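Written out below as structure tokens is the structure these notes cover.
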Amino acid sequence: MTAALIDGKAHAAALRADVAAGVTRLGRAPGLAVVLVGDDPASGVYVRAKGKACREAGMASFEHRLPAETTQDALLALVRRLNADPAVDGILVQLPLPDHINPDAVIATIDPDKDVDGFHPVNVGRLASGLHGFVPCTPLGCLMLLKDTLGDLSGLEAVVVGRSNIVGKPMAQLLLGANATVTVAHSKSRDLPALCRRADILVAAVGRPGMIRGDWVKPGATVIDVGINRVEGGLVGDVAYDEVAAHAAHITPVPGGVGPMTIACLLRNTLTSAERRRMKEAA
Ligand code: NDP
């Protein structure tokens, strides 16, 4: 078997076009504030990409670039100002933050109803309880790719490798919400290859280049590779692509798989925030 490619770029382009149409229907530009502290080059690239994607979807992008020595109090004061600013529908503080700033304190200060990254404990609780909130963008994008590829996920065996708050845990919650039977594996799991071989849906979110090998994958499985690893020669995922593509039915490439969906879902969440505010104002 040679797996069919899940084209994240094409899915993301379609989602971004949907969002742009939603912005036109809304009749005003939803605003996304992105805060970057320090000069980490990778974070700078992400922030620029988010701003550009916003503008292309007809949204307003507010970039706040602060020096690395910004105090936690000053950052919290900025977040509070953005919470109160009616032009801002979504707030994103780019991680990682410098060591002297506690990311949990910053995330907890963001208004949960503007927390388009879905990291605030209130949104984590809403997701776990099946309530409307904001879902972290990367796992949300993975779920969309899975539903577009497989349709109904009910009863399928899903294995998520990785249990971070940003990817693994919310991914597991989303799959559970979609009625899959979910196993979450991590660095202390025993016999990871055997766990992975059970999966109809295998999501790798580990950060180890090529860790998932071909003989870990059940024939016909759908494999979502969240990993982004910089190695000599470019970017690779957590999945040994060529080996795994020989077993799987569907697979996301790296780059061009999950990555493009993440920013598209950020736009989706920002539009959702603006739509919810409009409904609240009308009520
Ligand atoms: P974290 O480092 O926060 O989490 C990694 C997880 O992998 C942990 O739960 C860890 O287990 C687990 N793990 C590590 N080693 C092993 C192992 N040998 N066997 C089994 N599990 C293991 O990473 P993130 O979740 O933030 O990111 C994961 C990957 O996804 C990275 O490559 C990152 O760059 C990428 N990423 C991509 C995004 C995109 O837009 N496409 C967005 C976000 C991340 P334990 O908890 O026990 O330590």
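For ligands, and for the atoms within them, numbers begin at 1 and follow the listed sequence. Values in this document were obtained by computation on a predicted structure and should not be read as measured data. Sequence positions, counted from 1, serve as the residue numbers for this chain.
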Query raised in the report: Is His132 atom NE2 crowded by more than 12 heavy atoms from other residues, nucleotides or ligands, each under 6.0 Å away?
Result: no

Report summary line: The side chain to side chain donor-acceptor pair (under 3.5 Å) partners of Ser164 (sequence neighbours excluded) come to none

Report task. Would you check whether Ile228 has a nitrogen or oxygen atom less than 3.5 angstrom from a nitrogen or oxygen atom of ligand 1? Result -> yes

Query - atom 15 (N) of ligand 1: the protein heavy-atom neighbour that sits closest, reported with distance to 0.1 Å - result: Arg208 NE, 3.0 Å

Report task. Please work out whether any backbone atom (N, CA, C, O) or any side-chain heavy atom from C-beta onward of Val226 is under 4.0 Å from ligand 1, and answer side chain, backbone, both or neither. Result -> both

**Report entry** For ligand 1, the portion of Val206 having any non-hydrogen atom under 4.0 Å away
**Finding:** both

Query raised in the report: Looking just at side-chain N and O atoms, do Thr71 and Asp73 make a donor-acceptor pair shorter than 3.5 Å?
Result: no

Query raised in the report: If you measure from each heavy atom of Ala205 to ligand 1, is any distance below 4.0 Å?
Result: yes

Report summary line: Sorted by chain and residue number, the salt bridge (charged side-chain N to carboxylate O under 4.0 Å, His left out) partners of Arg126 (sequence neighbours excluded) come out as Asp113

Query raised in the report: Without hydrogens or angle criteria, can the side chains of Arg276 and Thr272 be said to hold a donor-acceptor pair below 3.5 Å?
Result: no

Query raised in the report: Backbone or side chain, does any N or O of Ser164 fall under 3.5 Å from an N or O of ligand 1?
Result: yes

Requested in this report: Please confirm whether Gly259 comes under 4.0 Å of ligand 1, counting heavy atoms of the residue only.
Outcome: yes

